[in-house]
Amino acid sequence: MHLPALRKVIVPALAALLLGVVPATTAHSASATAHSASAVTKVSTTVDVSCAAFTYRQSADWYFPSAAASGAPKGLIWLQHGFSRANNHMTDLAGRYAAAGYLVFAPTLRSADMFGCTLQNIGNNKPFLDNVATWFASADNASSQLARSYASARSRAGRTDLGALPTAFVFSGHSAGAEAAEYVTQRLRSSHPAAFAKVRGLVLLDPVKSFIGNNTDASLSQLATTSLPILTVSAPGYSCNNSGSGTTALQQLLPRPFVGVRLTSGAHTDAEGSSTDNAGTLMCGTPQQKNVSALQTLAVGWAKDAFTGGRTADLYPGGAYYASLLAAGTIQTLTGRTS
């Protein structure tokens with residue numbers, strides 16, 4: 001095996017060991033804590049998800065925006081962590097999304113499982129991701145897995161003012177979580193069109209393709225025929241993002257003039273921001289504040305635009321804020337295929 005190919009196998013395996021693969025039995029006890037971002041309330045509870053003949057009870061964090069600041073949430077954001085990480089690594093960004101007025105759902109999905117029920121594809125995780133898609137397909141059913149998790153969190157947060165789950169979704173995924181978001185979106189499109197109509201857009205964060213299978217390419221090839229907003233904030237290609245494989249797929253498969261930005265000095269851990277840990281920085285680098293700030297500003301703003309159907313000019317090529325990031329050398333523009 002040539003060295004580059006060998007590195008593609010060894011580096012992710014070493015990362016899994018150092019970053020700590022989430023155990024199959026992980027489940028957090030329910031609790032509610034105040035989050036610093038504009039009186040956001042974080043509730044840690046669980047969510048059930050089917051795996052083969054079993055039901056797994058996974059950790060699930062919910063972030064509620066301040067009732068005084070925003071009233072009812074403006075939409076639901078599914079925020080998915082990356083390979084061998086957990087939902088607590090997304091706390092920083094989740095708080096930013098929630099502070100902007102959105103209800104955030106951040107579950108932990110496994111990176112190792114004997115039945116293939118994993119976030120990234122290490123054999124055939126499609127049946128499992130189909131079950132993840134069911135969370136959103138049945139969200140309006142009060143007895144569904146997602147609705148029950150939300151009801152528990154809502155009660156513990158003391159948000160008796162809130163009713164059912166929001167009926168508009170944005171999916172935001174980091175690393176392998178981005179591939180999962182792409183797959184789940186396409187699954188909703190093909191099998192649950194009523195639920196797909198509720199998906200307003202994807203905000204991807206340094207997406208990474210699985211080493212096995214074609215979940216990314218197959219999903220994006222189909223989503224490319226839609227008008228669904230799909231944007232990324234990515235880091236330069238290196239070992240932690242599989243040489244930028246997920247970003248390359250976006251550029252090759254989406255026939256759009258703008259598919260996002262690359263942070264020129266970015267790290268794979270930028271999406272985790274202040275929620276990253278020593279294992280993350282050891283393997284993938286330490287996030288720089290300028291990059292974390294740019295990522296969070298763009299991600300939150302793009303999510304807002306996806307929900308409203310608008311376009312905040314500052315956050316796209318030609319806008320003042322965007323131009324300032326270009327001038328400072330913080331970002332490069334990413335374009336899709338032209339034919």
Side-chain angles (χ1 to χ4, degrees), residues 1-27 47-60 78-90 106-135 171 173-187 204-221 237-250 268-269 271-272 279-280 283-284:
M1 182 180 290
H2 296 298
L3 181 60
L6 184 63
R7 184 178 65 180
K8 286 186 176 182
V9 175
I10 292 176
V11 169
L14 182 60
L17 289 174
L18 288 176
L19 295 180
V21 173
V22 179
T25 56
T26 295
V47 63
D48 290 344
V49 61
S50 300
C51 171
F54 307 97
T55 297
Y56 289 172
R57 183 150 291 173
Q58 297 296 117
S59 169
W78 167 35
L79 180 58
Q80 188 57 56
H81 65 77
F83 172 67
S84 77
R85 305 300 271 165
N87 51 10
N88 61 292
H89 295 118
M90 303 308 295
T108 291
L109 296 181
R110 302 159 187 235
S111 292
D113 181 79
M114 66 183 299
F115 300 108
C117 297
T118 54
L119 176 65
Q120 77 292 344
N121 193 3
I122 57 175
N124 180 19
N125 70 339
K126 290 181 180 180
F128 175 66
L129 292 182
D130 290 346
N131 293 334
V132 172
T134 302
W135 281 343
F171 295 162
H174 175 222
S175 188
E179 180 179 77
E182 294 162 354
Y183 180 91
V184 167
T185 303
Q186 172 53 27
R187 174 67 177 181
L204 309 178
L205 309 166
D206 207 18
V208 178
K209 294 172 61 172
S210 294
F211 290 99
I212 299 173
N214 67 338
N215 284 357
T216 287
D217 290 0
S219 301
L220 289 177
S221 295
Y238 69 125
S239 57
C240 275
N241 60 15
N242 190 16
S243 301
S245 60
T247 301
T248 298
L250 284 169
H268 191 54
T269 47
E272 296 181 348
M283 284 301 302
C284 297

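Here, residue 1 is the first one in the sequence, and each next residue gets the next number.
Under the 3.5 Å distance criterion, the side-chain polar atoms of Ser175 are left unmatched by any main-chain donor or acceptor of Gly82. When atom types are taken as modelled, the side chain of Tyr183 and the backbone of Ala133 share no donor-acceptor pair closer than 3.5 angstrom. Checked by atom type and distance alone, the side chain of Asn131 pairs as donor or acceptor with a backbone atom of Ser50 at under 3.5 Å. At distances below 3.5 Å, not a single donor-acceptor pair connects side-chain atoms of Thr108 with backbone N or O atoms of Gln58. Judged by distance alone, the side chain of Gln80 and the main-chain N or O of Ala180 form no donor-acceptor pair under 3.5 Å. A donor-acceptor distance shorter than 3.5 angstrom exists from the side chain of Asn121 to the backbone of Ile212, with no hydrogens or angles considered. Judged by distance alone, the side chain of Glu182 and the main-chain N or O of Asn215 form no donor-acceptor pair under 3.5 Å. With hydrogens and angles ignored, the 3.5 Å screen pairs no side-chain donor or acceptor of Asn242 with any backbone N or O of Val208.
Atom CE of Met90 sits about 9.0 Å away from atom NE2 of His81, to the nearest 0.5 Å. With rounding to the nearest 0.5 Å, the separation of CG in Asn241 from OG1 in Thr248 is 8.5 Å. Atom OG of Ser239 and atom CE of Met283 lie 6.0 Å apart (nearest 0.5 Å). Interatomic distance, CZ of Phe115 versus SG of Cys51, reported as 6.5 Å (0.5 Å rounding).
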Check the pair Val184, Trp135 against side chain to side chain contact (heavy atoms under 4.5 Å, CB included), reporting the backbone distance first and the verdict last.
CA-CA 10 Å; Val184 167; Trp135 281 343; over 6 Å; no
With side chain to side chain contact (heavy atoms under 4.5 Å, CB included) as the criterion, how do Ser210 and Phe83 come out once you've worked through the C-alpha distance, each side chain's angles and the decisive distance to 0.1 Å?
CA-CA 10 Å; Ser210 294; Phe83 172 67; over 6 Å; no
Between Leu109 and Phe128, is the side chain to side chain contact (heavy atoms under 4.5 Å, CB included) condition met? List the steps.
CA-CA 10 Å; Leu109 296 181; Phe128 175 66; 4.0 Å; yes
Do Val49 and Val132 pass the side chain to side chain contact (heavy atoms under 4.5 Å, CB included) test, and can you show the C-alpha distance, the side-chain angles, and the key distance before you say yes or no?
CA-CA 7 Å; Val49 61; Val132 172; 4.2 Å; yes
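The aromatic rings of His268 and His174 sit tilted, their planes meeting at an angle between 30° and 60°.
Within the structure, the salt bridge (charged side-chain N to carboxylate O under 4.0 Å, His left out) test picks out the following pairs touching residues 210-219 (sequence neighbours left out): Lys209-Asp217. Sorted by first then second residue, the salt bridge (charged side-chain N to carboxylate O under 4.0 Å, His left out) pairs that include residues 117-133, not counting sequence neighbours, are Asp130-Arg187.
Between Leu250 and Pro207 there is a side-chain heavy-atom pair separated by less than 4.5 Å. Side-chain contact check for Cys117 versus Phe54: every heavy-atom pair is 4.5 Å or farther apart.
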